[in-house]
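What follows is a short report on a single structure.
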Amino acid sequence: EIINKVSIGWNLLYLKDGYGCKDTLAFKIDPIEIIPDKYFTPNGDGNHELWTVKNLESYDSYIIEIFDRHGKRLFIQRVGSFNIDGESEDGPFLGWNGEYNGHLLPSDDYWYLITLEDVRKQYTGHFTLKR
């Protein structure tokens, strides 16, 4: 049988065979590592046009925030139950294009804060926008 919706962390599986024999099995599900891009180059050549986060689709609820070097928040997207009404704002995070209020931001380092509700963990770091 296939088991769905298993929680991250320790789980206990109760087993019973056709003869009535019972047993339990403890197992651990580790969170899937997210991998934010270290750089992106939104220059129209079709390569690395958006800053993305690999494996983020494995999580139902998260917040992506991007800041400049002075701490000004340039981008935020709330997905899943982190949104006020429990629905995604714009669907899953597909990437950031390097713009703020419709203006192209300059080549520089930018910082991210990613909050994952499922594992109650925050990831921080920086990446480079190169034009």
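Values below: all heavy atoms of this structure, side chains included; hydrogens, waters and symmetry mates excluded.
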Would you list the atom pairs, donor with acceptor, under 3.5 Å between side chains in residues 12-24 and any protein atom, with sequence neighbours excluded?
| from | atom 1 | to | atom 2 | distance (Å) |
| --- | --- | --- | --- | --- |
| D17 | OD1 | Y19 | N | 2.9 |
| D17 | OD1 | G20 | N | 3.1 |
| D17 | OD1 | C21 | N | 2.9 |

Close side-chain approach of [X] and [Y], heavy atoms under 4.5 Å:
X    : Y    : answer
L129 : D108 : no
E49  : N43  : yes
P42  : N97  : no
P92  : E57  : no
T124 : W111 : no
Y59  : I32  : yes
R131 : L104 : yes
V79  : I63  : no

Considering non-hydrogen atoms only, spot the tightest contact between [X] and [Y] and give its length.
X   : Y    : answer
L56 : I64  : CD2-CD1, 3.5 Å
I8  : I29  : CG2-O, 3.5 Å
P36 : I114 : CG-CD1, 4.0 Å

Starting from [Y], can I reach [X] by hopping between I/L/V/M/F/W/Y residues whose side chains sit under 4.5 Å apart?
X    : Y    : result
F75  : Y123 : yes
F40  : Y100 : yes
F67  : V53  : no
L113 : I66  : no

Would you please name every residue forming a side-chain hydrogen bond (donor to acceptor under 3.5 Å, both in side chains) with T52, sequence neighbours left out? D37
Taking only residues two or more places apart in sequence or in another chain, which ones pass side-chain hydrogen bond (donor to acceptor under 3.5 Å, both in side chains) with T128? D109
Please verify the inter-ring angle class for Y110 with W96; under 30° counts as parallel, over 60° as perpendicular, anything in between as tilted. perpendicular
Given the rule in the side chain to side chain contact (heavy atoms under 4.5 Å, CB included) test, do N55 and I35 qualify, once you have shown the distances and angles that lead to the verdict? CA-CA 7 Å; N55 300 328; I35 305 167; 4.1 Å; yes
As an exercise, state the distance from [atom1] of [X] to [atom2] of [Y], rounded to the nearest 0.5 Å.
X    : Y    : atom1 : atom2 : value
H126 : K38  : NE2   : NZ    : 8.0 Å
D45  : H48  : CG    : NE2   : 8.5 Å
T115 : Q122 : OG1   : CD    : 3.5 Å

Quickly, which of W51, Y62, F93 forms a ring pair (Phe, Tyr, Trp, His ring centres under 6.0 Å) with Y112? Name it, please. W51
